[in-house]
Protein chains: 2
Amino acid sequence: MAVAPGPRPEAETPRLDPGRRLTRQRRLVWQTIQEIGPHCTAEQVTASVKQANPRVARSTVYRILADLCSAGDVVVARLDAGGLRYELAAAEHPHAVCQVCGKVIHVGDELLETFEEHLAATVGFRTVRIDLTVNGVCRDCAAPGRRATRRQRHDHI
Amino acid sequence: MAVAPGPRPEAETPRLDPGRRLTRQRRLVWQTIQEIGPHCTAEQVTASVKQANPRVARSTVYRILADLCSAGDVVVARLDAGGLRYELAAAEHPHAVCQVCGKVIHVGDELLETFEEHLAATVGFRTVRIDLTVNGVCRDCAAPGRRATRRQRHDHI
DNA sequence: TTAGCTGCAAAAGGTTTGCAAATTA
DNA sequence: TAATTTGCAAACCTTTTGCAGCTAA
């Protein structure tokens, strides 16, 4: 398995693995991910792409997302039990997910480097990417008098 | 949504939410999770349970796992694109997943508290549980001359 | 006795795949 | 032109649900 190179700044066109072609659909998916922003689902991407061109198939979007990931331009996160979340590798960051309303908050990643160093030193593990999700309750939902507005499918987490 | 109480040391029988019954199946699933050890899939649990009693249904195992989670005895992790992983809350810890061979390594959680404090102070987020997965390459697979032996379904992660 | 649990079978939801036709380099 | 990509539809896999019969308290 090829371990993808590190993130790079946002670009006009996606990076391509050798022999790969830059098609209309690929360009469209790439733009869409930049527009929607971080932690979007495949479903969201597909919907936006179909607005621009209804003939693009869902499976095509999935295939392109997989390619973008393997090229290292996009990364996947598993925030909740719904679909996988995609984001530009350049925009990657830890997430905090509210268990009550489902809101996703971005959090800093200052502490992660320490973790990597620790792992390399103790078990010789080479870190490629750290996936950190904080589950809890956001300020709004913790406020007195507030009620839940959305429950997640796997609310037993 | 009920936010479950914190973990407790390994016990003979699972904790039950009020009004819940301790059935043969529940006891069996509970024992099985302790035997298999951390980050087991629902499928693994079901297979082991069926060895002891082939009549136990898959759906029953899922329902019991959900109950154990809601009681706070078991927690879920999303390590890879296969099924969810379950483990005793008492055994919870961050994971490092090797992208080449799929092996899971346990890592310490010394750094996580700092993260919680930071989040509470900056955005008022109350942390219930931190889900930390490190993706990378383990010492064995990084060794020169080694080849991949297993690819994950979503190997583009 | 009776609310809660189980087994079965079928549905749901997200993702992947096979294949012929279209398209890019 | 030749190899890659696409669109479509169907398959897949994990998890959930409906319901009638069973069972722990």
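Letters A, B, ... mirror the listed sequences (proteins, then strands); counts begin at 1.
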> Specify the closest pair of heavy atoms between A:Leu119 and A:Thr127, including all atoms of both residues, with the distance to one decimal.
CD1-OG1, 4.0 Å

> Can you give me the N/O atom pairs linking the protein to nucleotides 6-11 of chain D at distances under 3.5 Å, or say none if there are none?
from: D:dT6; atom 1: OP1; to: A:Thr23; atom 2: OG1; distance (Å): 2.7
from: D:dT6; atom 1: OP2; to: A:Arg26; atom 2: NH2; distance (Å): 3.4
from: D:dT6; atom 1: O3'; to: A:Gln25; atom 2: NE2; distance (Å): 2.9
from: D:dG7; atom 1: OP1; to: A:Gln25; atom 2: NE2; distance (Å): 3.2
from: D:dG7; atom 1: OP1; to: A:Arg55; atom 2: O; distance (Å): 3.4
from: D:dG7; atom 1: OP2; to: A:Ala57; atom 2: N; distance (Å): 3.2
from: D:dG7; atom 1: OP2; to: A:Thr60; atom 2: OG1; distance (Å): 2.9
from: D:dG7; atom 1: O5'; to: A:Arg55; atom 2: O; distance (Å): 3.3
from: D:dG7; atom 1: N7; to: A:Arg63; atom 2: NH2; distance (Å): 2.9
from: D:dG7; atom 1: O6; to: A:Arg63; atom 2: NH1; distance (Å): 3.4
from: D:dG7; atom 1: O6; to: A:Arg63; atom 2: NH2; distance (Å): 3.3
from: D:dC8; atom 1: N4; to: A:Ser59; atom 2: OG; distance (Å): 3.1

> B:Ala42 or B:Leu16: which one's nearest nucleotide on DNA chain D is closer to the 5' end?
B:Ala42

> Roughly how many Å is it from CG in A:Asp17 to C1' in D:dA3, rounded to a whole number?
16 Å

> Can you tell which of C:dT16, D:dT5, D:dT15 lies closest to the side chain of B:Leu84?
D:dT15

> Rounded to whole angstrom units, what separation is found between the CG atom of A:Leu65 and the P atom of D:dT5?
15 Å

> Between B:Tyr62 and D:dT15, is there a side-chain N or O to OP1/OP2 distance below 4.0 Å?
yes

> Once you round it to whole Å, what is the distance between P of C:dT24 and CZ of A:Arg21?
9 Å

> Taking CG from A:Leu22 and P from C:dA25, how many angstroms apart are they, rounded to a whole number?
6 Å

> Indicate the atoms forming the closest heavy-atom contact of B:Leu79 with A:Arg78, along with that distance.
O-NE, 3.8 Å

> In whole angstroms, how far is the C1' atom of D:dC12 from the CD atom of B:Glu43?
13 Å

> Exactly one of A:Val45, A:Asn53, A:Thr46 should register a side chain to side chain contact (heavy atoms under 4.5 Å, CB included) with A:Val49. Which one does?
A:Val45

> Is B:Arg20 near enough to C:dC5 that one of its side-chain N or O atoms lies under 4.0 angstrom from OP1 or OP2?
yes

> With a 3.5 Å distance limit and no angle check, can you tell me whether A:Asp73 reaches the backbone of A:Arg15 through a side-chain donor-acceptor pair?
yes

> What is the separation between atom CG on B:Asp80 and atom P on C:dT16, rounded to the nearest whole Å?
13 Å

> Does the pair A:Arg85 and A:Asp80 meet the rule for a salt bridge (Lys or Arg N to Asp or Glu O under 4.0 Å), with working shown?
CA-CA 9 Å; A:Arg85 308 297 196 107; A:Asp80 52 33; 3.1 Å; yes

> Give a yes or no answer on whether the side chain of B:Gln44 reaches the backbone of B:Thr41 with a donor-acceptor pair at less than 3.5 Å.
yes

